[in-house]
Amino acid sequence: MSKPVRVRFAPSPTGPLHMGGVRTALYNYLFAKKHNGTFLIRIEDTDQTRFVPGAQDYIMDALSWCGIMPSEGPGLGGDFGPYVQSERKAMYRPYAEELVANEKAYYAFDTAEELEQIREQAKQMGMPNWQYNSVTRTSMKNSLTLPQTEVEERLAKGDPYVIRMKMPRNEDVRFHDLIRGWVVVNTNNLDDKVLFKSDGMPTYHLANVVDDFTMNISHVIRGEEWLPSAPLHVLLYQAFGWDAPEFAHLPLLLRPDGNGKLSKRDGDRLGFPVFPTNWTTAEGELYSGYREKGYLPEAFINMLALLGWNPGTPQEIFTLDELVEAFSLERVSKSGAKFDPEKTKWFQQSWLRMQTDAELARGLKATNPSMSLSDKDLETLVGLMKERATFAEDILIDGAYFLGNPREFDQETIRKKWKAETTGYLHEWMDRLEGIAEFNSVTIESAFKKYLEEKGLGIGAVLLPYRLSVTGVGAGPGMFDVSAFLGKEEVLSRMKQNLPKIADILHEA
RNA sequence: GGCCCAUUCGUCUAGUGGUCAGGACGCAAGGUUUUCAUCCUUGAAACAGGAGUUCGAUUCUCCUAUGGGCUGCCA
């Protein structure tokens, strides 16, 4: 009989959530939904010095854009709240004291400055990382070395202290990871981590274990950067006499170039966002987000899901619901995944195509309220341009000539395609256009073919120059569709205005 | 430096004690298209290295190398 699945995503509000964090949240969400469990958010703000205003709202907003909805969390309620650790502050000290009473932990009075000094000295003597551990603690100021009376005196007096884990000597800590299998670490390699800080707050380790236990968390699914401290957490569960949850440590997201963990600086430097949505720092520095770049949340989520997990089938396009259905931790890979901006674009393009013309038109109208096009015309335009676009806005950018006479004319196409007699053909073609009674793509095409036939011309000799004189560019949707969309008056008026401009360009060349 | 984790095409990945090592993105070529895009076909492209186990290892074990993470009164 297994416990009900309850998982949490536990970010710290020290800045915006980057895409690695979103993926962790996503996998938690997928796992919870797959097993009819609960996905909750807990804010880990035990470090008051690193608190960044707005970060918590950013996290909730970004997850909401992604469609990753927690059922418990700050502002959402739930039976295990509060869901912000600073609001739970009072509950941690008794747990820390309990460990001291049971000799699993001890008071330490060494100040941060003293420790820094010791580390510095050790470094100069060739020891790169001095640790407060089962060996060194015997020569430090703590309740294990100081006389009992002095300890009590110091505590009574209000001397600052921390509570440290009393790491046992030479014990193998074994735990099972759902992704990596058995992991074994000897406690000699672990130090006496601070569990409770002198400012009255717990550290991550204590708060995390206490909260996961008191919130009935069944599975801890988090990034691989936590793997080294997992043994400590396992030991803490043992010290409290609690059953530990299942662990699953996710592979890291790596940067596309060179090596290393994806970091917030990489994105805009390499030309892609690392954040789900825009984030502006207090200093006014902007980090761009997928939302504002024009990515659909479905595409973003789809891409993230496949980075480090695969369904074992050739399917690559998944809705959130389909991901829930297909997801399993067993199919999460062990090694870090380099993020690929190109493939991300492919997901975006694929998702854009799946939108209906009406949906896309509605979205464009919302982002461009001043657009004068009717809904029906905009939908037609979307239909013509959609296959050529990666982002919705591309439709308006690459299709700008649908909205107004172009100012620029592609010089290279002119140079390659414009012959001495071309302008003459176009004038003749204008006369034919003039004569078309019912102006639609079928009638225009047949008139065009008829004209070519009568003149004995090839299609390329006139069609491309025609396109260029109307749109300014040498590529795009079917020219008869474009013509029909613009209407007879507009097409003729453009040609009248543009042909002289093109002639000028030819003269200059 | 120490500890831990990892290693299949450029990238994301599938896979098995005997496979032509499969797919996707990207790239290249061809076809379709008046053009571009889409679409279709084809192609180049990988089991880090060395031992061992075995009739046989990409697959199992060990070593090495490489990459990554952690090493704070950060999370």
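No hydrogens, no waters, no symmetry mates; every other heavy atom, side chains included, goes into these values. Protein chains get the first letters and strands the later ones, always in sequence-line order, with residue 1 at the start of each.
- Across the interface with RNA chain B, nearest-nucleotide mapping of A/S198 and A/L306 shows A/L306 to be the residue nearer the 5′ end.
- Checking B/rC5, B/rG69, B/rU13 against the side-chain heavy atoms of A/S333 singles out B/rU13 as nearest.
- Checked for salt-bridge contact, A/R42 and A/D211 meet the test: a charged N lies under 4.0 Å from a carboxylate O.
- Relative ring orientation between A/H249 and A/F247 is described as parallel, the plane-to-plane angle staying below 30° on a 0-90° scale split at 30° and 60°.
- For A/S12, counting side-chain heavy atoms from C-beta on, the closest listed nucleotide (B/rG1, B/rU13, B/rA75) is B/rA75.
- With a cut-off of 3.5 Å on both Watson-Crick or G-U wobble distances, the partner of B/rG67 is given as B/rC5.
- Using P as the reference atom, B/rG49 and B/rU66 are 15 Å apart when rounded to the nearest Å.
- A salt bridge does not link A/E412 to A/K417: none of the charged side-chain nitrogens sits closer than 4.0 Å to a carboxylate oxygen.
- For the C1' atoms, the distance linking B/rU41 with B/rU54 amounts to 43 Å, nearest Å.
- The same atom, P, is picked in B/rC74 and in B/rU16; the two are 46 Å apart, to the nearest Å.
- Salt bridge A/D47/A/R50: present, at least one basic N to carboxylate O contact under 4.0 Å.
- Nearest nucleotide to the A/L307 side chain, out of B/rU71, B/rC4, B/rC12: B/rC12.
- Salt-bridge annotation for A/K386 and A/D357: present, with a side-chain N of the basic residue lying under 4.0 Å from a carboxylate O of the acidic one.
- Aromatic ring pairs are classed by plane angle as parallel below 30°, tilted from 30° to 60° and perpendicular above 60°; the pair A/F272 and A/F339 is tilted.
- A/F247 places its CZ atom 17 Å from the C1' atom of B/rG69, with the value rounded to the nearest Å.
- Atom NZ of A/K123 is separated from atom C1' of B/rG2 by 14 Å (rounded to the nearest Å).
- Comparing A/R180 and A/P228 by the nucleotide of RNA chain B that holds the closest heavy atom to each, the one mapping nearer the 5' end is A/R180.
- Put simply, A/R255 has no side-chain N or O that comes within less than 4.0 Å of OP1 or OP2 on B/rU11.
- Distance check on atom C1': B/rG43 versus B/rU7 gives 28 Å, rounded to whole Å.
- For B/rA75, there is no paired base (Watson-Crick or G-U wobble, both distances below 3.5 Å).
- A/D199 places its CG atom 7 Å from the C1' atom of B/rC73, with the value rounded to the nearest Å.
- Distance from the side chain of A/R164 is smallest for B/rC73 among the nucleotides B/rA6, B/rA14, B/rC73.
- Remark: B/rC62 base-pairs with B/rG50. Criterion, Watson-Crick or G-U wobble with two distances under 3.5 Å.
- Heavy-atom minimum distance, A/V162 versus A/V194: CB-CG1, 4.0 Å.
- Annotation: B/rC47 and B/rU58 have their C1' atoms spaced 4 Å apart (nearest Å).
- One finds a salt bridge joining A/R8 and A/D212 here, because a Lys/Arg side-chain nitrogen approaches an Asp/Glu carboxylate oxygen to under 4.0 Å.
- When the P atom is compared between B/rU71 and B/rG10, the two are found 33 Å apart, to the nearest whole Å.
- Using C1' as the reference atom, B/rC9 and B/rA14 are 13 Å apart when rounded to the nearest Å.
- Nearest nucleotide to the A/A337 side chain, out of B/rC12, B/rU7, B/rA14: B/rC12.
- Using Watson-Crick or G-U wobble geometry with both donor-acceptor distances under 3.5 Å, B/rG26 finds no partner in any strand shown.
- For A/K197, the side-chain atoms get nearest to B/rC73 when compared with the rest of B/rA14, B/rC3, B/rC73.
- Taking every side-chain heavy atom of A/K193 into account, B/rU71 is the closest of B/rG15, B/rC74, B/rU71.
- Regarding A/F318, its CZ atom lies at a distance of 13 Å from the C1' atom of B/rG23, rounded to whole Å.
- The pair A/R164-A/D192 does not meet the salt-bridge criterion, since no charged nitrogen lies less than 4.0 angstrom from a carboxylate oxygen.
- Taking atom CG on A/D47 and atom P on B/rG72, their separation rounds to 15 Å, with Å as the unit.
- Donor-acceptor pairing under 3.5 Å, judged by distance alone, is present between the side chain of A/N129 and the base of B/rG1.
- Put simply, A/T46 has no side-chain N or O that comes within less than 4.0 Å of OP1 or OP2 on B/rC74.
- Nucleotide B/rA21: unpaired (no Watson-Crick or G-U wobble partner with both distances less than 3.5 Å).
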### Task
Any chance you could list the contact pattern along nucleotides 26-38 of chain B? Use B for base contacts, S for sugar-phosphate-only contacts and - for none, protein heavy atoms under 4.0 Å, 5' to 3'.
--------BBBBS
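- If you take CD1 of A/I163 and P of B/rG72, they are 20 Å apart, rounded to a whole angstrom.
- Applying the Watson-Crick and G-U wobble criteria (two distances, each under 3.5 Å), B/rU34 pairs with nothing in any strand.
- At whole-Å resolution of the value, CH2 in A/W309 and C1' in B/rA24 are 14 Å apart.
- Considering only side-chain N and O atoms, A/R222 lies nowhere under 4.0 angstrom from the phosphate OP1 or OP2 of B/rG69.
- Closest approach of A/Y204 to A/H233, counting heavy atoms only: CE2-CE1, 3.7 Å.
- Proximity note for A/E225 (side chain, C-beta onward) versus B/rG1, B/rG69, B/rC5: the nearest is B/rG69.
- Rounded to an integer number of Å, the gap from A/I317 CD1 to B/rC12 P is 18 Å.
- Here, B/rC73 and B/rU13 have their C1' atoms 43 Å apart, quoted to the whole Å.
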